[in-house]
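Lettering of chains follows the sequences in order, A, B, ..., and the numbering in each one begins at 1. Note that the structure is a prediction, hence the values are computed from the model and not measured.
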Amino acid sequence: MKKRSAPAARTIGRRREQERRGARYRFGFDIGGTFTDFVLIDTTSGRVETYKTLTTPVEPSRAVREGWRTLLERVGVSGEQVDSAIHATTLITNALIERKGAKAALITTEGFSDVLDTQREMRYDIYDLHSPPVEPLIPRTLRWEVKERLNNFGEVVEPLDETTIERAIEGLRHAGVEAVAICFLHSYKNPMHEQRVGARLAEALPELAVSLSHEVAPEVREYERMSTTVANAYVQPLAQRYVQRLERDLREGGFQRRMYLMLSSGGITVGETATKLPIRMVESGPAAGVLAAIFYGEQLKVRDLVAFDMGGTTAKMCLVKGGQPARAHAFEIARVHRFKRGSGLPVRVPAIELIEIGAGGGSIAWVDEMGLLKVGPQSSGADPGPACYGLGGTEPTVTDADLLLGYLNPDYFLGGRMRLDIAGAERAMNSLADRLGLTRTEAAKGVYQIVNENMISATRVHVAERGEDPRRLMLLAFGGAGPVHAYAIARALKMRGYICPAGAGVTSALGLLTAPAAFDFAQTHVTPLRQHTLADLDAVFAKLETQGRERLTEAGVAATEMRFERSVDIRHRGQGHEIVLELPWPILAKVDLDKDLRPHFYKRYEALYGHAHRHLELEVMTCRLRATGPRPVVVLPRAERGAHGAAIVVKGRRRAYLSDNGGFTDVPVYDRVALPSGARIVGPAIVEEKDSTAVIGPDAVARVDAYRNLVVTFADG
Amino acid sequence: MTRVGPAHGTTTTLALRSASRVDPVALEVQWQRLVTIVDEMDTATIRTSFSSIVGESHDFGCVIMDEDGAGLAQAQWSPPQFCTMMPITTRHMLRKFPKKMLRPGDVLITNDPWIGSTHLPDYNVVSPVFHRGRLVAFLGTVAHVSDVGGHRGDLEAVDVFQEGTRVLPTFFYREGRPVELIHEFIAANCRVPDLVLGDLNAIVGTHRIAGRRVQEFLGDYALADLRALAREIMTRSEQALRQAIAALPDGVSTCEMSADGYLEPFTLRVRVEVRGSDMYFDFAGSSPQVSHAAINAAFNMTYATTVYPIKCMLAPRIPNNDGLVRPLHVTAPEGSIVNCTFPAPVKARAKVMKHIPPLIFGALAPLLPDEVIAAAGGIFPFHLSGDDPRYGTFSVHVLPHGGTGAMRDADGWLPVAYPHNSTITPVEVVELQCPVLVLRKALIPDTGGPGRRRGGPGQEFVLKSFASRPITLTIRPDLMRYPAPGLFGGMPGAPGEVWLNGARVERFPPIEFRPGDVCVLRVPGGGGVGVPREREPERVRRDVEMGLVTPRAARDIYGVEVHEQ
């Protein structure tokens, strides 16, 4: 695989340029479901300032203005001194989950508008007959069919009929829609008809936001492409207004440069691109979190890890190999049936591949009809929250268990901003214990164990399906509950250890500042892989590269700093599904198919599935290109190393349940902020900080590194 | 009479009580781990399979079984019947190849309809898993492969010999090495050997992965075998189901229904008895097996399809395992259409199978009115094969579904797989593979059975050949004469139809599909629940607005005037 060239020299050059102009700050902000997080970094000193405030759902930019003003004032800089602002948001995802997008319409090939209803014709739960169907984003009344047809070679079988276009336009005008998705069969092969209708719409209804399927997701399989295009149209007007509003607010706050938006793929792009393809922002917050994990890992020279983010309602895991996150080109959004696979809307967009399960601090514990203990996916949310919040919650949750097991300090939750109600947690846990015939402690321990096991199972499969071995990996834990559960997970998976970064509370926002400008392109191009067809693939890639250069130029990347990574979706001819194969060669026509390319495929396939079928021909389905600019270098200041043997102050002691010791033991509690760099703590121990608490098991040793990260390894590891 | 009883002898209530002391936390953790392992098998199968019927249609199932071949967990997406039959098949295999004969790396295989999943295209692949030298589990996959030789037809056959090659239980791999003879035999007797052996070998690969997972699992928990876990899983599940059955009043209920069959209709009859915590199902009085059409169901399928609705109604959330079949006792007269004898033709046994769930739901409707579902429109599988200069040799299966039946609290779903589970091959993928255009894939108004809750509408599939020479089109329709019945006064869904170049098709040998020919498949709708006139007028108006019901039907059937906009 191609090595990442070190962009250090160029970045330094760029930084000097920024300093000369005085714009040496970068601003990252992440609007999450509960909190909006801000980071301001001084690119010369590496000094980071953070701020956290409650999200203002009705008018998200209100919280943004507050954060912008507060951080700038605190550091004492003006808006002109900020070189770039980078943003991630849950707004798009929430609009899809809550079905609060635009009134959107669909125009499709005659005979196929019901594909949005019939979908894949599969049931996501074969035994629960009461499970509800997945409702499409566009109702049948807002779909128009146009007479036209291409075949799989992209040849016109039925010419585009102008009268049906005009009829559709009339209908759209009448219905008063804000956005329209256009998806014709085989448009990935020949976009002519979609382009024609798009152009006609631009003339007739210039206000309308138009999404063309060959631009949104030029890949074969009509339902998936249509679903992606429809989701894009559905959120487009909203995204447009939102981004414009943010840009205006920042401008009014003195910001004079460009605002960038984080994509699900971990790249950033300018507002114009993001508002054209807003569906690509759907997982922007989680993607930023993974980038932050990669950043923290690199500080410690750890490039193979699992990023693990456990918050209030979900846990997210992502495998990182060689500093690169796992990637996916398709996933499901807005699942109607909790986290059940198949109950959501498929989208074909590039994304950092995360698994997300319903396991968080607020996950509720319950007993099923067989008397077994279950945890989640139902969550108590922020309101009423776990029983120990004392806000009216009565159901036992993971946070309640964490409190009763002594991991959390009732007087130092959120740095003491919230006092936890032990009696409330006990009451909730007692009722669970009664139903299980266990003691309260056993029940709490069971909740802890089962929520961990859910995360362990999901991680194990995620890692194994990518041909990786957990024993080689570190767990990088963040999010409020991550460090509380990291020990148990890393231990069970026999991982090398775990890392709890300093200031885990605003991790995603920091990740934004490490993201390169990047954009992914795909083009379905079905061809048998033969020596003479390789040149055709080069032609497809050349076209994608041209698009890539345009996008990166828009984002302000110099031509010399652009990099292109090529991959193909490829399979044995006749197979139903493909694997993604990265191509290390810039020009394929010069590659020897039998000596180089085929063995490259077999190696990958065998790593994934044990054995390849070497006598069969290979077939390419889709070409993919990732265009990237240089990655900004973020260097955090190193802490002073504590004097050798400096006293490490124990903040207190409390009884905590650490199973390896067979029950509650008296463990020392440390204050994270007071720990000097270089400090070494032998487990069992608990390390508290404002936004999280790290549990260090009896057979683990923690070290505080130069950046105040907590690096925990196992005695036998 | 064929009887299928519990796999592990009888369980007494006493034993149930004594077993319930096992830690509910450890059990949950370990049980979920098994489910995760089979789910991973499922995912790997999709990703490595060759034929569209496995890869795109998901016509396969994965199961993990204990060392005696009792089902412990199935993949969440697997068709339910496969997962109930697989353990029966495995135990049959074990009678021929006892455990002591088996060694690491062995893989057994069969497609025998009476041992396996009741028609030749379904290959059952079973691998023993060893841990520290001991056989601890079996992994099983049943998958519908693309071809097994025999005639190209589906419905018209006089015996199983016409339907392809039959492989009795034998070694497919022995100690990790392929048994060349059987590989060669399978390849030599089918039309697309690369696809068929590709799928079967891919399955063996998934078993290797899952086998390692089972070993890691046992290692992690320092377990020597799965015995204690298996006993606990099955006992708890059995207990939960028994409690649900015991809550029903004892008594007998019957149901009877007629269905199209092929060229002549047949009748199914069931007598269901609830007695204590057991349920007894007897199919006495059902039609005899037929010798002119391949619609006969061997007993395994009848059994598996009978227990499915019970799980849906009484234990939908318990992960499927053999404990859930212990309280259920199924009998059917030998030689009947639901327990056919060798060598009856069986390929299209789904024509009988799909009517069993509505029969069982129908019998239990008075007892469990909120849990039953009306009959569904089912499925019109079709298959395109031939060769063409631009597309090469092709064999494409497509499984378009009809609407499902309504329930007391919900309208039926729009076309979706039921009672099995599978996915539709995308139209663009069909067209990539063969010289046929799908001109239309659309819902048909007024096809969902009217009722207070409406059945799901059916859909229309229009195919046109633009091949350079004739190709073969095989279709297996149903519900063309006897549509999907409703419940509690709900009306049946619309019947299915097949048209070729404007003429209605009644017989279904393989069709010579010539260049320019157009074939229309109208897959039926599901049955309604409750009296149509009781449907809330706003729901009727919404249906009209959505184009699922015409204004005329709204007026005539529902008694609601809706003016078209």
Which atoms of R225(A) come close to chain B, meaning under 4.5 Å heavy atom to heavy atom: side chain ones, backbone ones, both, or neither? side chain

What part of Q30(B) gets closer than 4.5 Å to chain A, counting heavy atoms only: side chain, backbone, both or neither? neither

Is F361(B) in contact with chain A via its backbone, its side chain, both, or neither, using a 4.5 Å heavy-atom distance? side chain

For each of L414(B), I373(B), L432(B), tally heavy-atom pairs with chain A at distances under 4.5 Å, and name the one with the top tally. L432(B)

Mark yes or no for whether R221(A), through its side chain, and V429(B), through its backbone, hold a donor-acceptor pair below 3.5 Å. no

Tell me, for I37(B) versus chain A, whether the close heavy atoms (under 4.5 Å) come from the side chain, the backbone, both or neither. neither

Please determine, among D368(A), L129(A), L373(A), the option with the most heavy-atom pairs under 4.5 Å with chain B. L129(A)

Nearest 0.5 Å, what's the CZ-NE2 distance between R123(A) and H420(B)? 8.0 Å

Under a 4.5 Å heavy-atom cutoff, which of I126(A), D117(A), I456(A), L436(A) has the most pairs with chain B? I126(A)

Among the options E121(A), R120(A), Q119(A), K374(A), pick out the one with the most heavy-atom pairs lying under 4.5 Å from chain B. E121(A)

For E431(B), all residues meeting side-chain hydrogen bond (donor to acceptor under 3.5 Å, both in side chains), sequence neighbours excluded: R149(A), H186(A)

If you count heavy-atom pairs under 4.5 Å between each of V438(B), T43(B), V204(B), D370(B) and chain A, which one has the most? V438(B)

Interchain contact, K189(A) with chain B, by part (heavy-atom threshold 4.5 Å): neither

Which one of N452(A), V367(A), L185(A), I579(A) has the most heavy-atom pairs closer than 4.5 Å to chain B? L185(A)

When you compare the side chain of V25(B) with that of E442(A), does any pair of heavy atoms fall below 4.5 Å? no

Max heavy-atom pair count under 4.5 Å with chain B, selected residue of Q449(A), H130(A), E110(A): H130(A)

For chain A, find which of G547(B), P80(B), A315(B), G198(B) contributes the most heavy-atom pairs closer than 4.5 angstrom. P80(B)

If one checks every heavy atom of V220(A) against chain B at 4.5 Å, the contacting part turns out to be both

Spell out, as yes or no, whether a donor-acceptor pair under 3.5 Å connects the side chain of R140(A) to the backbone of E545(B). no

Tell me, with the steps shown, if V157(A) and L437(B) meet side chain to side chain contact (heavy atoms under 4.5 Å, CB included). CA-CA 10 Å; V157(A) 179; L437(B) 277 180; 3.5 Å; yes

Closest heavy-atom contact between L372(A) and P24(B)? CD2-O, 3.7 Å

Short question: side chain of E222(A), backbone of E428(B) - any donor-acceptor pair under 3.5 Å? yes

Exceeds 12 heavy-atom contacts within 6.0 angstrom, atom CZ of R435(A): yes

May I ask you to name which of A458(A), G446(A), P139(A), P133(A) has the most heavy-atom pairs under 4.5 Å with chain B? P133(A)

Return yes when atom CZ of R317(B) has more than 12 non-hydrogen atoms of other residues, nucleotides or ligands closer than 6.0 Å, and no otherwise. no

Applying side-chain contact (heavy atoms from CB on, under 4.5 Å), name anything that partners T404(B), two or more places apart in sequence or on another chain. A376(B), W413(B), V416(B), Y418(B)

Answer yes or no: is there an ion pair linking R390(B) with E155(A), defined by an N-O contact shorter than 4.0 Å? yes

Measure Y221(B) against the heavy atoms of chain A and call it side chain, backbone, both or neither at under 4.5 Å. side chain

Judged by atom type as modelled, is there a donor-acceptor pair below 3.5 Å linking the side chain of E453(A) to the main-chain atoms of V29(B)? no

Quick one: which of R33(B), M407(B), E371(B) has the most heavy-atom pairs under 4.5 Å with chain A, could you say? R33(B)

Mind checking whether M370(A) and I318(B) have side chains closer than 4.5 Å, heavy atoms only? yes

Looking at M313(B), E40(B), R440(B), which one has more heavy-atom pairs under 4.5 Å with chain A than the rest? R440(B)

Quick test of your reading of the model: are R573(A) and D194(B) salt-bridged, counting only N-O distances below 4.0 Å? no

Quick one: what part of A442(B) sits under 4.5 Å from any heavy atom of chain A, side chain, backbone, both or neither? both

Tell me, with the steps shown, if Q459(B) and T118(A) meet side chain to side chain contact (heavy atoms under 4.5 Å, CB included). CA-CA 9 Å; Q459(B) 66 174 322; T118(A) 52; 4.1 Å; yes

Just checking H615(A): does its NE2 atom have more than 12 heavy atoms from other residues, nucleotides or ligands closer to it than 6.0 angstrom? yes

Taking side chain as everything from C-beta outward and backbone as N, CA, C, O, which of these in Y223(A) sits under 4.5 Å from a heavy atom of chain B? Side chain, backbone, both or neither. neither

So D114(A) and K441(B), do their side chains get closer than 4.5 Å, heavy atoms only? no

Please answer whether the main-chain N or O of P316(B) pairs with a side-chain N or O of D128(A) as donor and acceptor at a distance below 3.5 Å. no

Segment of A464(A) engaging chain B (4.5 angstrom heavy-atom cut-off): both

